[in-house]
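Take this structure first; my questions come after.
These numbers come from the heavy atoms of this one structure, side chains and all, not from hydrogens, waters or symmetry mates. So that the names make sense, note that chain A is the first sequence line, chain B the second, and so on, each numbered from 1. Computed from a predicted model, the values in this text were never measured in an experiment.
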Amino acid sequence: MTEQSPSAAADYKDTVFLPQTDFPMKAGLAQKEPAILARWQDADLYRQLRDARKGREKFILHDGPPYANGDMHIGHALNHILKDMVCRTQSLLGKDAPYVPGWDCHGLPIEWKIEEQYRKKKLNKDEVDPVAFRAECRAYAQHWVDTQREQLKRLGILGDWDNPYLTMDFAAEATIVQELMKFAESGQLYRGAKPVMWSPVEKTALAEAEVEYQDVTSTQIDVAFEIVDAPNAPELVGAYAVIWTTTPWTIPVNQALAYGPDVYYHLLRDEDGNRYLVAFDLIEQFRSRTGLELRVLSGEASHSVAANVRNIGDNEILGTALAGATARHPMHALGGFFAKPRPFLPGDFVTTDAGTGLVHMSPDHGEDDFDLCKAHGIEPVFAVEGDGRYRDDWAWLGGADERRMSVINPKFNAPDGPICEDLRAAGALLSAGAFQHSYPHSWRSKARVIFRCTPQWFIPMDAPLTTGKTLRSTAMQAISDTRWVPAKGENRIRSMVEGRPDWVISRQRAWGVPITLFVNRKTGQYLRDPAVNARIVAAIRESGVDGWNEAAVPALLGPDYDPADYERVTDILDVWFDSGCTHAFVLESGKWPDLLRPEGYVGPKADLYLEGSDQHRGWFQSSLMESCGTRGHAPYKAVLTHGFTMDAKGMKMSKSLGNTIDPLTLIKDSGADILRLWALSVDFTEDHRIGKEILAGVSDQYRKLRNTFRYLLGALAGFSEKDEGVRVEDMPELERYVLHLLADMDAKLKQAVEDFDYNTYVRTLADFANNDLSAFFFDIRKDCLYCDIGPAAPQGTDKRRAYRTVLHVLFEALVRYAAPVLVFTAEEVWSTRYPDAGSVHLLEWPELPPLGDGNELIQRWARFRDLKDSVTGAIEPFRRDKVIHSSLEAEVTIRLKDALAADSAINLGTAELEELLIVSAASVAGFTDDDVAETRQIEVTRTEHHKCGRCWRHLPEVTEDGALCGRCSEMLA
RNA sequence: GGGCCGGUAGCUCAGGUGGUUAGAGCGUACGCCUGAUAAGCGUAAGGUCGGAGGUUCGAGUCCUCCUCGGCCCA
């Protein structure tokens with residue numbers, strides 16, 4: 001029992017309840033998080049959660065494998081935080097949402113790194129045993145898997161980190177081969193000789209994704225081809241057809257000339273009497289490049305070239321007149337290949353945007369060229385080898401070593417290089433100069449790539465299948481059957497699949513899954529024998545990709561085939577094929593029992609794939625193709641995409657600009673929860689930003705949330721629901737109102753989870769904590785919490801008990817809502833209140849106390865809060881004038897029009913009104929003058945009453961400042 | 001160069017089918033409190049809705065062009 005001091009200045013602080021908690025205001029996340037992480041690891045939280053959700057509905061997020069190369073960057077962090085949020089929120093909803101992380105391990109970038117090491121050691125990769133080479137690639141990939149795994153774990157990503165999937169696991173490699181064999185057995189493979197992007201430096205074909213465009217300067221040349229025959233335009237014989245190219249190196253393998261059937265061509269004459277055929281629209285360009293004094297041949301004097309006049313006459317012909325014409329190659333004197341006549345062929349692709357309107361065709365080095373020539377029976381000659389040099393026997397270059405440079409060597413193409421020199425000597429070089437344009441380069445070596453015709457393996461998009469459909473039509477249907485979030489992603493992948501060419505799946509490299517085909521040397525057909533294929537798959541499962549080697553051929557072929565009849569394909573698969581198979585070896589293999597649906601559930605699709613929007617062309621598509629080709633449907637039910645993280649100004653982050661944000665540094669400095677809160681606060685469906693100021697804002701938001709929890713913990717000190725709990729129907733209206741607000745928010749959060757709208761999720765949570773709790777509920781009930789307790793009421797008044805009951809409900813709910821976002825902080829909060837309980841992350845979505853319809857209540861209180869705003873606004877001038885400091889010094893009279901006065905929202909008891917408005921006295925009255933325009937007037941005066949020494953309210957019964965008010969003396973009695 | 005997407009207060013975001021003075025939270029400034037205290041409460045300032053045209057009685061919201069940025073492609 002506290003003895004009441006006779007002094008009016010007595011300090012009643014000890015008689016007042018103040019929030020008590022060990023939960024520190026300052027987070028110290030960077031130090032704290034690793035310890036929490038260790039606790040989870042020791043307790044095997046991931047397994048605990050699986051056990052806790054055993055038998056529940058599954059939610060399968062299938063992880064897209066990041067490439068095992070380099071440290072985690074901000075994109076990885078965002079992607080994995082989102083995945084973690086998906087799994088955790090689904091798990092919160094009570095589903096079993098396992099997460100098996102994976103890595104993409106094969107492929108050029110890793111191979112390139114190993115080669116780089118070889119080059120430093122002056123070793124030639126071609127002399128190294130491929131088995132040993134692959135072992136090094138494998139070790140390199142494993143190193144980065146291990147590194148990234150630790151970095152992702154530090155982010156608080158909950159997953160089966162001890163059992164990730166790796167595309168280089170033998171079982172995975174075997175499954176990839178098995179999937180490939182499905183394509184083979186169903187006839188969905190063919191070997192073609194198409195020009196493909198080829199890197200002479202890496203000596204391999206490249207996928208689109210492995211190519212990037214850079215602005216470069218090339219040599220542009222105009223070359224004259226003498227017309228030798230022109231059945232439809234005899235006057236052209238002896239004239240020169242002019243072609244323009246930016247790849248002089250392709251001239252030695254020229255095989256035809258293309259014209260535009262709809263293009264008008266002009267015959268021009270220079271001062272020496274040479275005649276040139278050029279598209280009318282391009283004459284000016286041609287003249288400025290060559291510097292020739294050109295005149296229109298046999299034209300009227302008035303018909304100058306400069307004048308944009310078109311007259312079909314003897315000096316102009318339409319492209320179609322070139323049908324059947326032939327020209328000679330500038331080097332025809334060499335004989336053989338060069339002596340053959342070069343036909344003029346009609347090409348739809350010929351435009352008059354640039355050049356001369358006549359296009360030199362080399363089926364070896366251009367897609368249009370290849371197609372047009374093939375249609376006219378002209379085959380590629382394969383004169384350029386894998387390293388970019390012409391074959392030794394290629395006549396023009398005469399085998400001279402100094403001339404046999406790589407065709408991407410600028411010297412080779414230069415105006416004084418071998419090509420131009422010879423053309424000049426032949427009198428065929430009309431111009432040679434610099435030309436700037438965008439040109440494809442290898443993303444690894446940054447060297448120029450070329451189009452080169454090589455034998456490659458393809459999966460056809462439009463070949464009819466046994467289903468009667470094609471791979472393309474099957475994929476288009478699968479796209480329609482999938483939920484795309486955001487919806488615009490569907491358009492994107494749809495247009496890509498509509499227009500994509502056949503899938504080139506072969507690569508001429510070492511580090512990858514082999515294309516395990518045997519090709520019959522006589523027929524050129526690949527072997528389609530399930531028994532052989534089964535042996536192949538078994539061999540790969542046994543010893544990985546090394547199982548496909550020459551020595552193993554007889555055993556693999558078995559007794560029914562003579563190894564001498566078959567060629568073993570030595571190409572490897574495009575890594576996109578690997579990743580396209582992840583659904584097969586992760587979701588279906590049974591190696592991860594957590595991922596298997598419960599008995600009776602049919603449907604091999606993952607619930608969700610979640611990657612950056614660039615994967616519309618990458619993994620989403622390769623998975624779609626692979627699954628459609630083998631299973632007839634997409635491997636996913638829904639696809640969620642996120643945009644890219646830009647710097648603070650919205651610019652792309654790059655090391656060269658120095659504007660990158662390193663997630664590892666950020667975690668070390670501020671903690672993973674800050675990074676998580678950032679990722680879940682931005683609109684990740686679009687490109688979004690990160691920077692110093694943004695992160696400062698995120699930290700502020702974090703602190704607000706943290707302090708909300710701190711207050712709850714402090715205010716709930718010593719609370720026992722059993723002893724203190726109050727039934728909802730016995731609570732004051734304010735408490736019931738807050739419970740309704742909570743229920744409303746709960747519904748919003750659930751919807752946000754359903755929509756994967758995490759930015760709304762976080763904002764809804766923060767707004768509730770700020771507006772409804774901190775600035776309203778907590779503020780009003782501060783007096784009650786602090787003062788409605790004392791020796792006379794050891795557990796506090798009914799009101800206080802009701803308040804604390806609601807605080808308890810709020811705590812239980814908010815800590816669960818926050819858990820998927822602030823994974824570490826929520827655990828800290830939870831363990832502060834319940835040191836002996838298990839992890840907060842095992843809990844399910846909160847069950848709120850049952851409430852009736854709250855619409856009317858919520859609306860009434862919204863009106864009341866509006867009134868409260870008016871009152872605080874009315875007090876403000878008095879504060880500014882220093883008449884009133886604390887709102888507790890104010891007395892207010894609220895004057896209302898009749899209708900408002902009758903409003904039940906306002907019609908509260910005086911005591912309640914004072915409490916809710918946090919003022920000393922409040923009363924409601926009618927207007928003194930009914931003519932006023934406003935519907936509401938607030939009159940404010942400074943209280944005349946003394947201040948209670950305990951609760952600090954100014955009340956009439958307080959005899960002098962520091963004496964006790966009625967309530968307080970009662971409490972202390 | 002082409003296709004697609006985006007540009008709302010200092011920051012992060014809201015703004016169904018076009019309709020009164022464009023909103024929230026945070027931050028900022030100022031003030032209060034000093035019993036959530038490197039916390040809490042309040043008030044205020046801040047926006048030519050990327051720019052320019054157009055449709056309409058009326059546009060952040062529809063159309064066109066431009067610009068900046070991004071992704072994909074060439």
Side-chain angles (χ1 to χ4, degrees), chain A residues 11-21 23-26 208-209 211-213 353-354 367 437-440 486 488-489 491-496 499-500 612-618 621 641 643-652 677-678 680-683 685-704 706-715 757 759-760 762-771 774-776 778-780 782-783 785-787 868-869 871-873 875-882 884-889 918 950-952:
Chain A
D11 185 0
Y12 291 103
K13 189 166 179 173
D14 293 342
T15 73
V16 153
F17 171 93
L18 295 175
Q20 300 155 22
T21 178
F23 187 79
M25 190 141 55
K26 192 166 159 47
E208 301 282 1
V211 168
E212 61 188 28
Y213 286 74
D353 292 341
E367 222 169 342
H437 60 153
S438 178
Y439 190 85
K488 63 191 172 198
N491 292 333
R492 195 152 174 199
I493 193 163
R494 186 175 288 281
S495 62
M496 285 177 182
R500 68 160 294 158
S613 58
D614 58 334
Q615 296 304 322
H616 285 115
R617 182 158 289 275
Q621 198 176 144
T641 50
F644 285 73
T645 304
M646 302 295 135
D647 74 0
K649 292 173 185 157
M651 306 291 268
K652 181 185 184 141
L677 189 58
W678 162 78
L680 298 167
S681 298
V682 297
D683 180 2
T685 64
E686 296 289 345
D687 289 350
H688 47 267
R689 305 172 181 204
I690 192 167
K692 212 176 157 194
E693 188 182 8
I694 294 166
L695 287 166
V698 171
S699 293
D700 286 331
Q701 195 61 260
Y702 173 84
R703 246 176 268 125
K704 292 287 279 186
R706 185 179 177 87
N707 270 312
T708 300
F709 280 115
R710 183 163 185 268
Y711 174 82
L712 285 169
L713 287 166
D757 184 357
N759 145 38
T760 293
V762 168
R763 194 155 34 81
T764 301
L765 197 56
D767 284 355
F768 180 75
N770 294 330
N771 299 341
S774 189
F776 179 71
F778 295 168
D779 204 30
I780 288 170
K782 192 191 243 181
D783 172 79
L785 178 71
Y786 290 4
C787 302
K868 185 164 155 53
D869 287 344
V871 171
T872 41
I875 296 173
E876 192 59 23
F878 292 84
R879 304 176 101 144
R880 197 161 298 140
D881 296 343
K882 311 285 181 198
I884 291 174
H885 303 285
S886 162
S887 67
L888 284 172
E889 293 166 13
I918 320 183
R950 183 162 175 270
C951 70
W952 298 347

Check: At under 4.0 Å between heavy atoms, what does A:Thr760 touch on the DNA or RNA strands: base, sugar-phosphate, or nothing?
Finding: nothing
Output one line per pair: protein atom, nucleotide atom from nucleotides 8-12 of chain B, and distance, for all N/O pairs under 3.5 Å.
residue, atom, partner, partner atom, Å
B:rG10, O2', A:Glu693, OE1, 3.4
B:rG10, O2', A:Glu693, OE2, 2.5
B:rC11, O4', A:Glu693, OE2, 3.4
B:rU12, O2', A:Ser681, O, 3.1

Item checked: Sugar-phosphate, base or nothing in reach of A:Lys13, heavy atoms under 4.0 Å -> base
Using a cutoff of under 3.5 Å, can you pull out all pairs of nitrogen or oxygen atoms linking the protein to nucleotides 42-45 of chain B, with atom names and distances?
residue, atom, partner, partner atom, Å
B:rG42, O2', A:Glu876, OE1, 2.9
B:rU43, O2', A:Arg880, NH2, 3.2

Margin query: Give the dot-bracket line for RNA chain B from 5' end to 3' end: parentheses for intra-strand Watson-Crick or G-U pairs under 3.5 Å, square brackets for crossings, | for inter-strand pairing, dots for unpaired.
Written below: (((((((..((((.....[...)))).(((((.......))))).....(((((..]....)))))))))))).
Margin query: What contact category does A:Phe778 fall into here, base, sugar-phosphate, or nothing, at under 4.0 angstrom with non-hydrogen atoms?
Written below: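 Here A:Phe778 touches the bases of the nucleic acid.
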Checklist line | Touch class at under 4.0 angstrom, heavy-atom based, for A:Gly714 against every strand present | finding: nothing
Notebook entry, point to check: Looking for any heavy atom pair under 4.0 Å, which part of the strands does A:Arg494 touch: base, sugar-phosphate only, or nothing?
Noted result: nothing
Item checked: Same-atom distance (P) from B:rU20 to B:rG27, integer angstrom ->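 So the two P atoms sit 31 Å from each other.
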Next item on the list: Report which part of the nucleic acid A:Lys26 touches: base, sugar-phosphate, or nothing (heavy-atom distance under 4.0 Å, all strands).
Entry: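 Here A:Lys26 touches no strand at all.
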Notebook entry, point to check: Would you say A:Asn771 reaches B:rG25's phosphate, i.e. side-chain N/O to OP1/OP2 under 4.0 Å?
Noted result: yes
Checklist line | Interatomic distance at P, B:rG42 relative to B:rA36, whole Å | finding: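 It works out to 14 Å between them.
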Notebook entry, point to check: Mind checking the C1' distance from B:rU28 to B:rC68? Whole angstroms is fine.
Noted result: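 The answer is 28 Å between these two C1' atoms.
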Notebook entry, point to check: Given the C1' atoms of B:rG46 and B:rC30, what is the spacing between them in whole Å?
Noted result: 15 Å
Margin query: Has A:Asn759 got a side-chain atom pairing as donor or acceptor with A:Val682's backbone, closer than 3.5 angstrom?
Written below: no
Margin query: What's the gap between B:rU17 and B:rC11 when it is taken at their P atoms, as a whole Å value?
Written below: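 Straight-line distance between the two P atoms is 26 Å.
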Next item on the list: Rounded to the nearest angstrom, tell me the gap between atom CD in A:Gln20 and atom P in B:rU37.
Entry: 12 Å
Note to self: Taking only side-chain N and O atoms of A:Ser887, does any of them lie within less than 4.0 angstrom of OP1 or OP2 on B:rC32?
What the structure shows: no
Next item on the list: Using atom CD of A:Glu686 as one end and atom P of B:rC13 as the other, report the distance to the nearest whole Å.
Entry: 10 Å
Margin query: Can you confirm whether A:Val16 sits close enough to A:Arg950 that some side-chain heavy atom of one is under 4.5 Å from a side-chain heavy atom of the other?
Written below: yes
Note to self: Within 45 degrees of the ring normal and closer than 6.0 Å to the centroid, is that where the cationic atom of A:Arg706 sits relative to A:Phe23?
What the structure shows: yes
Margin query: Centroid distance below 5.5 Å plus an interplanar angle below 30 degrees: do A:Trp952 and B:rG35 meet both conditions?
Written below: yes
Notebook entry, point to check: How far does the C1' atom of B:rG70 sit from the matching atom of B:rA44, given to the nearest Å?
Noted result: 37 Å
Checklist line | Distance, P atom - from B:rC65 to B:rG3, rounded to whole angstrom | finding: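 That atom pair is separated by 10 Å.
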Check: B:rC66 and B:rG1: how far apart are their P atoms, nearest whole angstrom?
Finding: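 Taking atom P in both B:rC66 and B:rG1, they lie 11 Å apart.
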